[in-house]
Amino acid sequence: MEEVPHDCPGADSAQAGRGASCQGCPNQRLCASGAGAAPDPAIEEIKEKMKTVKHKILVLSGKGGVGKSTFSAHLAHGLAEDENTQIALLDIDICGPSIPKIMGLEGEQVHQSGSGWSPVYVEDNLGVMSVGFLLSSPDDAVIWRGPKKNGMIKQFLRDVDWGEVDYLIVDTPPGTSDEHLSVVQYLATAHIDGAVIITTPQEVSLQDVRKEINFCHKVKLPIIGVVENMSGFICPKCKVRKESQIFPPTTGGAEVMCQDLKVPLLGKVPLDPRIGKSCDKGQSFLVDAPDSPATSAYRSIIQSEYLGVEGVSVHTSVQIPTGLEGA
Amino acid sequence: MEAAAEPGNLAGVQHIILVLSGKGGVGKSTISTQLALALRHAGKKVGILDVDLCGPSIPRMLQSQGRAVHQCDSGWVPVFVDQEQSVSLMSVGFLLEKPDEAVVWRGPKKNALIKQFVSDVAWGELDYLVVDTPPGTSDEHMATVEALRPYRPLGALVVTTPQAVSVGDVRRELTFCRKTGLRVMGVVENMSGFTCPHCMECTSIFSSGGGEELARHAGVPFLGSVPLDPELTRSLEEGRDFIQEFPKSPAFPALTSIAQKILDATPACLS
């Protein structure tokens, strides 16, 4: 699909192959034959596969580097602290798969069995899948165009043998493109509970996140709520203990955006240098730093009524949640 | 769009630099704008091409949101962000009807617009064209490298933060550069520590050392570490010229040093 006209209506549009801009396109005959419009059989297969998965949560952001993978990983860790809850973490960031590192699973490989691909297990009740497990070297680049990335995502949803799962958490790359369209399309008939959208406080981040919220509305994906990450920093060496706004909420941060767009604010997570260190070491920050205000914020978000988490036992070291009130 | 694009829309551009990272949110757009501003303050004429179609950050960073793009005989006229017309900018942000409108396109449509951005923008005479990219190694990156190949870019600046999770992605970006024949001018480490304004102690919020180690591992120059600087973040929010207005701020020395290294690495042109 190299020489597609710039106003290509899309292979699955009603105008595919018939529009004025299709003249001369090398794919015109294929599109006009309706091949692009036929529903992908994989969608039914994925619907069947997903019957054993009770809840599906997408973690999105228009903006890169706001903490989607960090949040996905720690949502998974937090939920998996209840041994009776089965958690699946799926990383569909094909070009920048961070989840293996954050979960301490770098270098692990995926095994095939009769029932499909086996996820890599961190704990008995926490399984992970990522393209990172399919690469042989940490320097390998996945230089793929959209259609090939979509094919990988289809395989992840159709061919991974997750078994009985209470929560499938899907970590996504930044943006509103192939990966996002594909995961929504493939899971369309399998019912997605909704999306958690991550942002940081500054407008440069919010302006991309508003687009992501619009994307969710466009594809009819329910929004569970927004998490504001990197929300303030208290220097651990400082006697003064005054907060610094490294990423200043110049337009009111997520709080104002959520009010304007009428979506729930699930919580605010402050910066803590120990988060980055735990992620680099592949350990759960919730366990490494139970006393951190960031841990309290994470826990209160996980237990938020909006996430609809049922039957998750409260960890005994949780203090009164501070994450939901203005930090 | 006609197959034979206007010849020579990039003919007046002396040097093209791509700003890449495998990782999102490390500061590609920040480094792109600050590099452009620093080069401008060194007397250069600079253009910025923002090929992040899903998350176009640059218009806001240069206080140019909502500006209109006009047509001329040679194609689209880039938006000038300053009165002296020494910094020009093209971004999909200018083509959206509403600022919150999402660009929900699959690869082929993104590729087509990027080709247009490269061939149909009337840049005129520029010393440098800085190309800001989205994170990853996919459609946008392949389209941009292919479209720019005939114009022989000077190379790529690769941006990372210090932590291993970032370096892990950026290693793959360096492989992309190698595979596509794009010379790496160097690695920039951003968000390298934060000096608390109250106690003046520095904290490595996003770990430390990753950028320099990555450069060493890949055998490419390490161009410098830019610390976290709330004045810089605020300048970007408000579209101010950080290089001009905050010379005493923590990020200023690193940013100007990186720009100087780019100037030093630029071959002299025959007139």
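Just so we're on the same page: letters track the sequence lines, and every chain starts at 1. Below, each value reflects all heavy atoms present in this structure, side chains not excepted, and no hydrogens, waters or symmetry copies.
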Go through the steps to decide whether A/R210 and A/E203 satisfy the test salt bridge (charged side-chain N to carboxylate O under 4.0 Å, His left out), and finish with yes or no.
-> CA-CA 10 Å; A/R210 288 193 200 94; A/E203 177 59 26; 2.9 Å; yes

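Between B/D229 and B/R234 there is no salt bridge, since no side-chain N of the basic residue sits under 4.0 Å from a carboxylate O of the acidic one. Checked for salt-bridge contact, A/K211 and B/D100 miss the test: no charged N lies under 4.0 Å from a carboxylate O.
The closest side-chain heavy-atom distance from B/F117 to B/W76 is below 4.5 Å.
Interface remark: of the candidates B/P162, B/S138, B/G107, B/S138 forms the most heavy-atom pairs closer than 4.5 Å to chain A. Note on B/L53, B/V103, B/D52: by heavy-atom pairs under 4.5 Å with chain A, the leading option is B/V103. Ranked by heavy-atom pairs shorter than 4.5 Å toward chain B, the options A/L135, A/D280, A/D208 are led by A/D280. Contacts with chain B were tallied for A/N214, A/I275, A/T70, A/I246; A/I246 has the most, counting heavy-atom pairs under 4.5 Å. The candidate from B/V170, B/T180, B/V167, B/T203 with the greatest count of non-hydrogen atom pairs under 4.5 Å with chain A is B/T203. Ranked by heavy-atom pairs shorter than 4.5 Å toward chain B, the options A/S137, A/P138, A/G96 are led by A/P138. No other option in B/I205, B/T175, B/L96, B/L228 has as many heavy-atom pairs under 4.5 Å with chain A as B/I205. Chain B forms the most heavy-atom pairs under 4.5 Å with one residue out of A/T200, A/D139, A/D140, A/L271, and that residue is A/D139. Of the listed residues A/A141, A/G146, A/G276, the one with more heavy-atom pairs under 4.5 angstrom with chain B than any other is A/A141. Ranked by heavy-atom pairs under 4.5 Å with chain A, the list B/E231, B/K98, B/K110, B/E238 is led by B/K110.
A donor-acceptor pair shorter than 3.5 Å cannot be found between the side chains of B/N9 and B/S74. In this structure, a donor-acceptor pair under 3.5 Å is absent between the side chains of B/N190 and B/T161. Between A/E228 and A/S231, the side chains place a donor N or O and an acceptor N or O closer than 3.5 Å (distance only, hydrogens not considered).
For a residue to count as touching a neighbouring chain, one of its non-hydrogen atoms must lie under 4.5 Å from one of that chain's; by this rule B/E101 touches chain A with the backbone only. For a residue to count as touching a neighbouring chain, one of its non-hydrogen atoms must lie under 4.5 Å from one of that chain's; by this rule B/F176 touches chain A with backbone and side chain alike. For chain A, the nearby part of B/C202 is the backbone; its heavy atoms alone come within less than 4.5 Å. The part of B/P99 that comes within reach of chain A is its backbone (N, CA, C, O), which places non-hydrogen atoms under 4.5 angstrom from that chain. Contact of B/M200 with chain A is not made at all, since no heavy-atom distance falls under 4.5 Å.
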Got a list of side-chain donor-acceptor pairs under 3.5 Å for residues 18-29 of chain B, not counting sequence neighbours?
unit_1, atom_1, unit_2, atom_2, d
B/S21, OG, B/K23, N, 3.1
B/S21, OG, B/K23, O, 3.2
B/S21, OG, B/V159, O, 2.7
B/K28, NZ, B/K23, O, 3.0
B/S29, OG, B/D132, OD2, 2.5

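Aromatic pair B/F246/B/F252: ring centres not closer than 6.0 Å.
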